[in-house]
Structures are given as structure tokens and as C-alpha cells.
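Quick caveat, the model's predicted, so the values are computed rather than measured. The first residue of the sequence shown is numbered 1, and numbering continues consecutively from there. The figures that follow rest on heavy atoms only: side chains count, while hydrogens, waters and symmetry mates do not.
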Amino acid sequence: MSKSSTIAPEPAAAQVPGQGGKSTPAAAPRLVRQRRRRPGLIALSVALIAAGGLSGAVLYAASGQRSAVVVVSRDVPVGSLIAKEDLAQASIALDPAVKSVKASRTDSLIGQRAAVDLRAGNLLSPAQVTKETLVGPGDQVVGVSVKPSQLPATKLAPGQRVLIVSTPDPDAAAAETPAQPGAPKTLSATVIEVGAPAVGTGNIVVDVALPAKSGPDLAARVATGNVAVIVDARGGS
């Protein structure tokens, strides 16, 4: 007995009415392929977006954090005592790597000395101040009163090394047999403080520190008024 197979007829194309009442076959619908979703890639994208948003939030919060710190309100020469008027407070955003002094420590800085030249408007760091005194053990402080012409035009500052030079005695220079000129006597010292010019004369008193064995000798020279002060470039400031 033979078996017969039946072929299912293809579905007839849909008829669309055309002009003149005649029907025309409709176009077959296009197949739309669906993209295959990758759950792992989607999860990674979501994680990256979340991490980026979190980093931005952290940076924004960090940039908004401001600290109250100490700044220099006016110039302070190296070695000078720091006064209350020399300091001010400011609220700024700082990188953690920047060394600064908290505003709450302002009072503890008053009376200390500037370890370097402090410039107005700059942020103050802990290394720029010191408690060390310019007068060393065994030193004496002598006040040297001089005329403006006996000082260099460069303004002296505490901590500078200077030479106190004995100048010729005018009376000896006018004598008939003046002393044979020789090398002037000099004493090395450190500037401690520079006074304000005296009214009328303009004389300035410069406090200097030097070894105790040389203190009386310098005081005797200063009493004659025949001294001059020069900056010792070798000692720096």
C-alpha cells in the first residue's frame, strides 16, 4: 500500500483593492530582527555610570570644604618678632598636601620670630616661624647708635650679619702727626633689632649681638661715635 503526501498550499497573498475595482497583491511584511541582549555588558555600563557619579559627588564635596587658616597681613623681615597685626585669618579650600597653620593657633604664633621673610598675602606654613632667639648662649646685646651716613642704604633686618667698623678719629686726622693708618678694627655681630630714626638728628640705634668678650670693646667704640655699620655679605641674612 503506497503512502501519499499532501503539500499544504501556500497562504494566498492578501488582496488590496486597486484602481478600477481590481485587487492587487499586498507586499509581504518585513521581518524585524531583535538584537541579542548582553546582561553582563549592561551591568558593567551601569556600574561605570554609578562610579562616575559617585566620584563627581566626592570631588564636589571636597572642593566645597574650606578651612580657616593663618595668612600674613603685612611683610615681616626674617628674624623679626611676629605681632598680632602681622597675621590675619582666611577661609580657603586647600589640598591636603599643602602645609598650613590653623586659625585657632594664631595666638601661639605671636612673639615667635620669622624664620624667613614673610610676604603680605601669603599663606603661613609652620616652618616659617621659629621660637629660637637670635641671641646665642654667651652673647651680649649692644646698642649701636649711628648717623644715617654711617649705615648702608639697604634696610637692615634682624638676623643679618654685619661688621662694626671703627672709623678714623677726626681729631687725630687734624693733628700735625697723625697716627700711621692701618687696617680698621672690625667686630662681627648679628642684628637683633633696628630702631626708628630719632626726630631731628635721624640717628638710628641698631641692637646687635656678639660674643660677651667683645661686648665692652664695642660699647667703648660706639661711645666715641666713630663707627660705621656695613653688611657682611658672607654671613647672609
(request) Give the C-alpha distance, both sets of side-chain angles, the deciding distance and a yes or no for side chain to side chain donor-acceptor pair (under 3.5 Å) between S166 and R221. (result) CA-CA 7 Å; S166 295; R221 297 188 196 183; 3.0 Å; yes
(message) Is there a side-chain contact (heavy atoms from CB on, under 4.5 Å) between R113 and L134? Walk through the geometry before answering.
(response) CA-CA 9 Å; R113 294 187 180 272; L134 296 176; 4.0 Å; yes
(request) Would you check, one step at a time, whether the test side chain to side chain donor-acceptor pair (under 3.5 Å) holds for R161 with S188? (result) CA-CA 7 Å; R161 297 290 296 176; S188 178; 2.6 Å; yes
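Summarising the local packing, CD of E193 is surrounded by 12 or fewer heavy atoms from other residues, nucleotides or ligands at distances under 6.0 Å.
When every heavy atom of L210 is checked against every heavy atom of A189, the shortest pair comes out as CB-CB, 4.1 Å. For G143 against V222, the heavy-atom pair with the smallest separation is O-CG1, 3.8 Å. Closest heavy-atom contact between S73 and A88: CB-CB, 4.0 Å. Considering all non-hydrogen atoms of both residues, A120 and D75 come closest at N-OD1, 2.8 Å. Between P77 and A114, the shortest heavy-atom distance links the atoms O-CB, 3.6 Å. Taking all atoms of both residues into account, the shortest heavy-atom contact from A127 to A115 is O-CB, 3.8 Å.
Side chains of I230 and V165 form a contact here, defined as non-hydrogen atoms less than 4.5 Å apart. V135 is listed as a side-chain neighbour of I192, based on a closest heavy-atom distance under 4.5 Å. Here the side chains of V144 and V227 are in contact, with some heavy-atom distance below 4.5 Å. For the pair Q140 and P216, the minimum side-chain heavy-atom distance is below 4.5 Å. When side chains are defined from C-beta on, V205 counts as touching S145, because their heavy atoms get closer than 4.5 Å. Within the 4.5 Å cutoff, side-chain heavy atoms of L156 are placed close to those of L151. The shortest distance between side-chain heavy atoms of S67 and K102 does not fall below 4.5 Å. By the 4.5 Å heavy-atom criterion applied to side chains, D232 and V162 are not counted as neighbours.
Using modelled atom types, one side-chain atom of T167 and one backbone atom of N226 make a donor-acceptor pair closer than 3.5 Å.
There is no path of hydrophobic side-chain contacts, each under 4.5 Å, that joins V69 to V101. Under the 4.5 Å side-chain heavy-atom criterion for grouping Ile, Leu, Val, Met, Phe, Trp and Tyr, V206 is connected to V231 within one hydrophobic cluster. There is a path of hydrophobic side-chain contacts, each under 4.5 Å, that joins I204 to L218. Residues V71 and L118 do not share a hydrophobic cluster, clusters being chains of Ile/Leu/Val/Met/Phe/Trp/Tyr side chains in contact below 4.5 Å. Under a hydrophobic clustering in which Ile, Leu, Val, Met, Phe, Trp and Tyr are joined whenever their side-chain heavy atoms come within less than 4.5 Å, directly or via other members, V194 and V141 fall into different clusters.
Expressed to the nearest 0.5 Å, how far CG of D117 lies from CD of Q128 amounts to 10.0 Å. Atoms OG1 and CD, from T133 and Q112 in turn, are 12.5 Å apart once rounded to the nearest 0.5 Å. Note that the OG atom of S214 and the CG atom of D139 stand 10.0 Å from one another [nearest 0.5 Å]. A distance of 6.0 Å separates CG of L109 from CG of L87, quoted to the nearest 0.5 Å. Note: R74 CZ to D86 CG = 4.5 Å, rounded to the nearest 0.5 Å. Interatomic distance, NZ of K99 versus CG of L123, reported as 12.5 Å (0.5 Å rounding).
Contacts of D207 classified as salt bridge (Lys or Arg N to Asp or Glu O under 4.0 Å), with partners at least two apart in sequence or in another chain: none. S100 meets the side-chain hydrogen bond (donor to acceptor under 3.5 Å, both in side chains) test with no other residue; sequence neighbours excluded.
Under a 4.5 Å side-chain heavy-atom cut-off, the cluster of Ile, Leu, Val, Met, Phe, Trp and Tyr residues that includes V199 has no other member.
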